[in-house]
There are 2 protein chains.
Amino acid sequence: MLLSKSCVYGVQAAIYMASLPRNEYVSIQEIAGKLNISFHFLTKVLQNLTQAKLLMSYRGPNGGVALARQASDISLADVIEAIDGGDIFKECLFGLPGCGVADPCPAHENWTSMRSRLQHLCTSLTLEELGKRANQLNVRLANADAPMNPAMLLAAINSKGKPVETK
Amino acid sequence: MLLSKSCVYGVQAAIYMASLPRNEYVSIQEIAGKLNISFHFLTKVLQNLTQAKLLMSYRGPNGGVALARQASDISLADVIEAIDGGDIFKECLFGLPGCGVADPCPAHENWTSMRSRLQHLCTSLTLEELGKRANQLNVRLANADAPMNPAMLLAAINSKGKPVETK
DNA sequence: ATTTATTCAGACAAAATACTCTTAATACAA
DNA sequence: TTGTATTAAGAGTATTTTGTCTGAATAAAT
Ligand code: SF4
Ligand code: SF4
């Protein structure tokens, strides 16, 4: 897989936040429940995004995480690089370190052109755009497997009677 | 990384074989030595290619592996699919199983067009083409790290005095 | 026939990745 | 001030991937 699971989770969470009508603090538990991701694991992933200044966080009741910049100012590539590192778009098809124009392999030309297309796609896709699309019908973010899991139930319980849906 | 290491090794070995002037049996030990890959590990990888009928193998002295079809008739995608499975070109950017047009995520359109470009590239790159390019100057297949390792030394020893170079 | 060079098969070990859990820090609310 | 909801930090566990090793099967060379 191109992206690590951590990275996928981070991207999903970022798009989820961008899809909300207002950029306010959302608890990680809510996000984890909605996206069907382990709460503890997502917490660590989002810590990366907080440290990379893409999210801001707030502890205590009514705390949570929120986008640190405007959704239109955060690209998919920003999120990916914050979690998986910037090498994703420099890395080789064959995963070989330190090779380039001076000493290329037979597929280098083809690969680099491919890679730059991919990078361009990721840098030009903003969270705003993705969030908008997520709000359209029949669009989803999470893995559809395992329709109900403990984290979702917990999130539902913790929502104190009001529906889990917040948007 | 997009491709697994097993897959990378398999691709490297396949291109190496295609780069030889004649398609004859080459010992896996020689390939492993040239490409700086663990002999035992490469053996298992190439067994996959043999079972997928991309290579033929011959046991005993002067045995080894050879391309089972013409290099012009084997694509990069053939090798990749034989090792990593055909899902590479069907798989999602986000690694989510079972999603498609009916229930897409916000990046689906962008990703599928990207993915089909990648698939087209891999199916149109033949081993013949890659082998040709590998024979040109300043082109390499293997990881340049670790300039001399035990496998290479062993390969040199086992070549009974004649130079390791066979092409 | 015996020795040697090779692939085949599969058990095993090590490393990387993914996930879980516990504890601490923080801040709001009653 | 006490309780509660939340993120932060990091230790610990499980799973997957990667790599190593040993022995068997096969076939050529001697
Ligand atoms: S030369 Fe280019 S395509 Fe080839 S291994 Fe290096 S980075 Fe990859
Ligand atoms: S809808 Fe497309 S891009 Fe989105 S998760 Fe599914 S396969 Fe991937």
Side-chain angles (χ1 to χ4, degrees), chain A residues 1-10 12-13 17 24-33 35-52 54-66 68 83-85 95 143 146 149-151 154-155 157-160 162, chain B residues 1-10 13 17 24-33 35-52 55-66 68 83-85 95 143 146 149-151 154-155 157-160 162:
Chain A
M1 199 165 43
L2 187 61
L3 275 48
S4 72
K5 282 219 173 180
S6 295
C7 191
V8 169
Y9 294 161
Q12 289 177 341
M17 283 185 271
E24 48 199 9
Y25 288 106
V26 189
S27 80
I28 297 180
Q29 202 161 69
E30 175 186 327
I31 303 174
L35 301 183
N36 197 10
I37 301 171
S38 150
F39 162 71
H40 289 291
F41 197 53
L42 183 61
T43 293
K44 280 206 300 195
V45 172
L46 295 191
Q47 274 171 29
N48 288 336
L49 295 183
T50 304
Q51 281 157 11
L54 295 179
L55 298 183
M56 43 192 189
S57 68
Y58 207 76
R59 287 197 273 204
N62 302 319
V65 290
I83 297 172
D84 270 356
N143 190 327
N149 68 8
L154 189 58
I157 289 162
N158 285 331
S159 66
K160 294 178 189 165
K162 72 169 184 257
Chain B
M1 197 164 46
L2 186 61
L3 275 48
S4 73
K5 283 220 171 179
S6 295
C7 190
V8 169
Y9 295 160
M17 283 184 271
E24 49 198 8
Y25 288 106
V26 188
S27 80
I28 298 179
Q29 203 161 67
E30 175 185 327
I31 303 175
L35 300 183
N36 197 11
I37 301 170
S38 150
F39 162 71
H40 289 291
F41 197 53
L42 183 61
T43 293
K44 280 205 300 195
V45 172
L46 296 193
Q47 274 171 29
N48 288 336
L49 296 183
T50 304
Q51 282 159 10
L55 298 183
M56 43 190 189
S57 68
Y58 207 77
R59 286 197 273 203
N62 302 319
V65 290
I83 298 172
D84 270 357
N143 190 328
N149 69 6
L154 189 57
I157 289 163
N158 285 330
S159 65
K160 294 180 190 164
K162 73 169 185 257

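Numbers restart at 1 for each chain; the letters A, B, ... are given by sequence-line order, proteins then strands.
- Expressed to the nearest 0.5 Å, how far CD1 of I28(A) lies from OG1 of T43(A) amounts to 4.0 Å.
- Counting to the nearest Å, the P atom of dA27(D) and the OH atom of Y25(B) are 11 Å from each other.
- In this entry the distance linking CD of Q29(A) with C1' of dT20(C) reads 15 Å, nearest Å.
- In this structure, M1(B) places its CE atom 18 Å from P of dT16(D), rounding to the nearest Å.
- Nucleic acid contact for L46(B): none, since no nucleic acid atom lies under 4.0 Å from a heavy atom of the residue.
- The side chain of F41(A) lies closest to dT20(C), out of dT20(C), dA9(D), dT7(D).
- Distance check, rounded to the nearest 0.5 Å: NZ of K44(B) to CD1 of I83(B) gives 13.0 Å.
- As a whole-Å value, the separation of N36(A) CG from dA18(C) C1' is 15 Å.
- Remark: A52(B) pairs with L54(B), A82(B) by the side-chain contact (heavy atoms from CB on, under 4.5 Å) rule, at least two apart or across chains.
- What separates CE of M56(A) from C1' of dT6(D) is a distance of 16 Å, to the nearest Å.
- Contact annotation: Q47(B) does not reach the phosphate of dT6(C) (side-chain N/O to OP1 or OP2, under 4.0 Å).
- In this structure, of dT7(C), dG19(D), dT20(C), it is dT20(C) that holds the atom nearest to the side chain of S38(A).
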Which parts of nucleotides 22-30 of chain C does protein reach within less than 4.0 Å, heavy atoms only, written one letter per nucleotide 5' to 3' as B for base, S for sugar-phosphate only and - for none? B--BBBBS-
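- Contact annotation: Y9(A) reaches the phosphate of dC19(C) (side-chain N/O to OP1 or OP2, under 4.0 Å).
- Taking CE of M17(A) as the reference point, atom CD of E24(A) lies at 12.5 Å (rounded to 0.5 Å).
- Listed here is the closest heavy atom pair of C7(B) and D84(B): CB-OD2, 3.3 Å.
- Comparing K44(A) and G63(B) by the nucleotide of DNA chain C whose heavy atom lies nearest to each, the residue mapping closer to the 5' end is G63(B).
- Remark: Q47(B) CD to L42(B) CG distance equals 10.0 Å, nearest 0.5 Å.
- At least one side-chain nitrogen or oxygen of K5(A) sits closer than 4.0 Å to the OP1 or OP2 atom of dC19(C).
- The CG atom of L55(A) sits 4.5 Å away from atom OG1 of T50(A), with the distance rounded to the nearest 0.5 Å.
- Rounded to whole Å, atom P of dC21(D) lies 16 Å from atom CG of L42(B).
- When all heavy atoms of L46(B) and A13(B) are compared, the pair lying nearest together is CD2-CB, 3.9 Å.
- The aromatic rings of Y25(A) and Y58(A) sit tilted relative to each other, their planes meeting at an angle between 30° and 60°.
- Look at Q51(B) and you'll find a side-chain N or O under 4.0 angstrom from OP1 or OP2 of dA9(C).
- One atom, CZ of F39(A), and another, P of dA5(D), lie 12 Å apart when rounded to the nearest Å.
- At least one side-chain heavy atom of I31(A) sits less than 4.5 Å from a side-chain heavy atom of V65(A).
- Summary of helix geometry: the two end axes of the helix from dA1(C)-dT30(D) to dA30(C)-dT1(D), each defined by five base pairs via their C1' atoms, are inclined to each other by 10° (rounded to 10°).
- To the nearest angstrom, P of dA16(C) lies 16 Å from CG of D84(A).
- With distances taken from any side-chain atom of S57(A) to the nucleotides dG10(D), dC8(C), dT7(D), the minimum falls on dT7(D).
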